[in-house]
S.K.: 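Take a look at the following structure, please.
Values below: all heavy atoms of this structure, side chains included; hydrogens, waters and symmetry mates excluded.
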Amino acid sequence: MKVLHLYISLHVLLTASVLVYAFDPITTTVVVGLGATLGRTIYNYLHESCHPNWIAFNATGLKNDLENKLFGQHIASRIILKAVNGFMSNNNPKKPLVLSLHGWTGTGKNFVSQLIAENIYKKGMDSSFIHVFTSILHFPHPSKISVYKSQLQQWIKGNVTNCERSMFIFDEMDKMHPGLIDSIKPYLDYYDKLDGVSYRKSIFVFLSNAGGDSIVQTALDFWRAGRNREEIELKDLETSLSLSVFNNKNSGFFHTSLIDRNLIDFFVPFLPLEYQHVVQCAMGAMKARKIKPNTDVADMVARDLVYFPKSERVFSVKGCKTIESKLDYYT
């Protein structure tokens, strides 16, 4: 049906271009205008653009993905869903949405960024409106910080000018040179416009292992006290998390104005994963590969990982990070 509609639209456009010369100048202008409008419609249909055809938030999809694909992260799931849902439902936000995701490797930070992208952009992480920066790759040399600051500002300004619904992901914030991220502070603040550009509908996501130790310590304290991990609340982690990140001299957030000026909307903690969550990850990975989920295989994969404390083997050291490669071995 879509192909038929497209064929009809193209036929009308071509017919209009042929007939245009048969009319007087005023009629010609009208026909050309209609043809141009139809041409833009067809272009937006075929090519990704900053248009609702390509950028539309699926609240139900994000909710289902967080419930069924992200394991062991009750705090992160709740925060992400409310934050993104509230932001995307607001036609006039006062500032961009700024999320800072923290936790040890393999706990789901990158995965959550992917889920957000897939439920906003039709092309998911392949969208030309999603921009990923990796500290070691894009900002490797401390001596070039001033150059990086200028480039980063230009990149963000240029991309938001192209599409206000842009999404920026900064990976490995714990490896970024301190002071560099402050260069984008104006874009995250409460400004209607800066040099004619509004950044208020953009999303900024920071991923970091910094603060992971304080999150793990809280999880261990609850476990040693015989309390369920689902009893851990954001209030048990948020203050210590933001302070540990702010005072970490080796972090890109060290004494940053982004934290000092309260421009980060949510510090999202990712808890260390337990054995049961690793099994769930393995089952989910098999399902994603179109392989019939096998509990015996998932159990073998989970047993093969390293856990801590050593004697009790409670939390996975690498979370679900190596699940994919382990599956290659066991399937």
Side-chain angles (χ1 to χ4, degrees), residues 73 75-88 90 93-104 107-113 115-117 120 130-135 139 148-149 152-153 155-156 160 164-191 194 198-215 218 233-271:
Q73 303 297 352
I75 300 175
S77 292
R78 184 169 61 248
I79 297 173
I80 294 297
L81 182 60
K82 288 185 176 181
V84 177
N85 197 5
F87 179 75
M88 294 300 296
N90 186 353
K94 300 302 181 184
K95 65 181 291 297
L97 176 62
V98 185
L99 303 172
S100 192
L101 316 187
H102 298 265
W104 276 13
T107 50
K109 302 184 298 297
N110 277 287
F111 185 55
V112 162
S113 301
L115 294 182
I116 295 173
I120 295 178
I130 295 179
H131 313 280
V132 181
F133 300 96
T134 303
S135 297
F139 317 111
Y148 296 150
K149 285 183 177 181
L152 190 53
Q153 289 175 337
W155 287 334
I156 292 177
V160 176
E164 62 181 359
R165 283 293 187 190
S166 292
M167 180 174 175
F168 301 91
I169 301 173
F170 292 83
D171 198 4
E172 299 183 334
M173 280 299 299
D174 47 304
K175 296 180 176 66
M176 181 178 282
H177 308 300
L180 174 56
I181 202 64
D182 283 341
S183 64
I184 71 169
K185 179 256 176 192
Y187 306 138
L188 311 186
D189 217 328
Y190 293 83
Y191 294 113
L194 290 171
S198 174
Y199 299 85
R200 294 181 299 165
K201 291 187 177 182
S202 296
I203 297 176
F204 292 80
V205 181
F206 301 108
L207 312 179
S208 177
N209 291 344
D213 290 346
S214 65
I215 296 171
T218 299
E233 299 179 14
L234 180 61
K235 65 182 181 181
D236 298 314
L237 296 162
E238 192 170 32
T239 300
S240 61
L241 176 57
S242 60
L243 285 175
S244 65
V245 172
F246 185 74
N247 293 314
N248 186 339
K249 293 181 179 180
N250 298 317
S251 169
F253 281 131
F254 178 63
H255 286 189
T256 176
S257 59
L258 272 61
I259 296 177
D260 196 35
R261 292 290 301 275
N262 298 311
L263 297 180
I264 296 177
D265 298 303
F266 295 96
F267 286 92
V268 186
F270 283 71
L271 301 172

S.K.: Is there side-chain contact between Leu207 and Ser113, with heavy atoms separated by less than 4.5 Å?
M.R.: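 SC-SC contact between Leu207 and Ser113 confirmed.
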S.K.: Going by salt bridge (Lys or Arg N to Asp or Glu O under 4.0 Å), name the residues that satisfy it together with Glu238, two or more places apart in sequence or in a different chain.
M.R.: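 Glu238: no salt bridge (Lys or Arg N to Asp or Glu O under 4.0 Å) contacts found.
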S.K.: Roughly how far, to the nearest 0.5 Å, is CZ of Phe246 from CD1 of Ile259?
M.R.: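 Those atoms lie 6.5 Å apart.
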S.K.: Of the non-hydrogen atoms in Val245 and Ala210, which two are nearest, and what is the gap between them?
M.R.: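 In this case the closest contact between Val245 and Ala210 is CG2-O, 3.8 Å.
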S.K.: For atom NZ of Lys82, decide whether the heavy atoms of other residues, nucleotides or ligands shown that lie under 6.0 angstrom number more than 12.
M.R.: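 Counting other residues, nucleotides and ligands, NZ of Lys82 stays at 12 neighbours or fewer.
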S.K.: Between Leu263 and Val98, is any pair of side-chain heavy atoms under 4.5 Å apart?
M.R.: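 No, side chains not in contact.
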S.K.: Within this structure, what is the CG-CD1 distance for the pair Leu152 and Ile181, rounded to the nearest 0.5 Å?
M.R.: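 With rounding to 0.5 Å, CG (Leu152) is 6.0 Å from CD1 (Ile181).
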S.K.: Using every non-hydrogen atom in the two residues, find where Arg200 and Lys94 come nearest and quote the distance to one decimal.
M.R.: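 The pair with the smallest heavy-atom distance is CD-O, 3.5 Å.
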S.K.: Without swapping roles, check the side chain of His131 against the backbone of Ile156 for a donor-acceptor pair under 3.5 Å.
M.R.: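 Absent.
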S.K.: To the nearest 0.5 angstrom, please state how far the CD1 atom of Ile116 sits from the CD1 atom of Ile169.
M.R.: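 So the CD1 of Ile116 and the CD1 of Ile169 are separated by 7.5 Å.
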S.K.: I want to check something: taking the side chain as every heavy atom from C-beta on, are Phe168 and Trp155 in contact at a cut-off of under 4.5 Å?
M.R.: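 In short, these two side chains do not touch, never coming nearer than 4.5 Å.
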S.K.: Do the non-hydrogen side-chain atoms of Phe170 and Phe204 ever get within less than 4.5 Å of each other?
M.R.: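 Heavy-atom side-chain distance check passes, below 4.5 Å.
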S.K.: Heavy atoms only: give me the nearest Gly179-Lys149 pair and the separation to one decimal.
M.R.: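 Residues Gly179 and Lys149, closest heavy atoms: O-CE, 3.4 Å.
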S.K.: Would a distance-only check, ignoring hydrogens and angles, find a side-chain to backbone donor-acceptor pair under 3.5 Å from Thr218 to Ser214?
M.R.: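 Indeed, once roles are kept as given, a pair shorter than 3.5 Å links the two residues.
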S.K.: Would you say Lys109's side chain and Trp104's backbone share a donor-acceptor pair under 3.5 angstrom?
M.R.: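 Yes, Lys109 side chain to Trp104 backbone: donor-acceptor pair under 3.5 Å.
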S.K.: Is Asp265 close to Phe87 at the side-chain level, that is, under 4.5 Å between some pair of heavy atoms?
M.R.: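 Side chain of Phe87 against side chain of Asp265, heavy atoms only: no contact under 4.5 Å found.
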S.K.: So which heavy atom on Ser240 is nearest to which on Leu237, and how close?
M.R.: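 Where Ser240 meets Leu237 most closely, the heavy atoms are OG-O, 3.1 Å.
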S.K.: To the nearest 0.5 Å, tell me how far Asp189 CG sits from Ile184 CD1.
M.R.: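 The distance works out to 11.5 Å.
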S.K.: For the residue pair Lys95 and Leu188, what are the closest heavy atoms and their distance?
M.R.: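 Distance-wise, the nearest heavy atoms are CE-O, 3.1 Å.
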S.K.: Do the side chains of Ile79 and Pro269 get nearer than 4.5 Å, heavy atoms only?
M.R.: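 Heavy-atom side-chain distance check passes, below 4.5 Å.
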S.K.: In Å and rounded to the nearest 0.5 Å, what is the CG to CD distance from Asn209 to Glu172?
M.R.: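 Between atom CG of Asn209 and atom CD of Glu172 there are 8.0 Å.
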S.K.: Is Asn247 reaching over with its side chain to a backbone N or O of Leu243, donor-acceptor style, under 3.5 angstrom?
M.R.: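 Judged by distance alone, yes, a pair lies under 3.5 Å.
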S.K.: Relative to the ring of His102, is the ring of Phe253 parallel (under 30°), tilted (30 to 60°) or perpendicular (over 60°)?
M.R.: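 Plane angle between 30° and 60°, so tilted.
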S.K.: Run Thr107 and Leu271 through side chain to side chain contact (heavy atoms under 4.5 Å, CB included) and show every step you take.
M.R.: CA-CA 7 Å; Thr107 50; Leu271 301 172; over 6 Å; no
S.K.: Quick check for you: to the nearest 0.5 Å, what is the distance between Phe270 atom CZ and Gln73 atom CD?
M.R.: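 Answer for the CZ-CD pair, Phe270 versus Gln73, is 6.0 Å.
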S.K.: With side chain to side chain contact (heavy atoms under 4.5 Å, CB included) as the criterion, how do Asp174 and Asn248 come out once you've worked through the C-alpha distance, each side chain's angles and the decisive distance to 0.1 Å?
M.R.: CA-CA 9 Å; Asp174 47 304; Asn248 186 339; 5.9 Å; no
S.K.: Would you check if the side chain of Ser208 reaches a backbone N or O of Gly103 as a donor-acceptor pair within less than 3.5 Å?
M.R.: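 Here the side-chain-to-backbone pair does not exist.
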S.K.: Given Met88, which partner from the list Val84, Asn90, Asn85 fulfils the side chain to side chain contact (heavy atoms under 4.5 Å, CB included) test?
M.R.: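 Only one of Val84, Asn90, Asn85 forms a side chain to side chain contact (heavy atoms under 4.5 Å, CB included) with Met88, namely Val84.
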S.K.: Quick one: does any side-chain atom of Ser202 pair with a main-chain N or O of Met167 as donor and acceptor, under 3.5 Å?
M.R.: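 No: the side chain of Ser202 does not pair with the backbone of Met167.
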S.K.: For residues Tyr187 and Val160, determine if any side-chain heavy atom of one lies less than 4.5 Å from a side-chain heavy atom of the other.
M.R.: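 In short, these two side chains do not touch, never coming nearer than 4.5 Å.
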S.K.: For a 4.5 angstrom cut-off between non-hydrogen side-chain atoms, does Val268 reach Ile75?
M.R.: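 The answer is no; the side chains never approach within 4.5 Å.
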S.K.: Would you find a donor on one side and an acceptor on the other, under 3.5 Å apart, between the side chain of Ser257 and the backbone of Asp182?
M.R.: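 Answer holds: no.
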S.K.: Could you check whether any side-chain N or O of Gln153 sits under 3.5 Å from a backbone N or O of Ser183, counting only pairs where one atom can act as donor and the other as acceptor?
M.R.: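 Yes: the side chain of Gln153 pairs with the backbone of Ser183.
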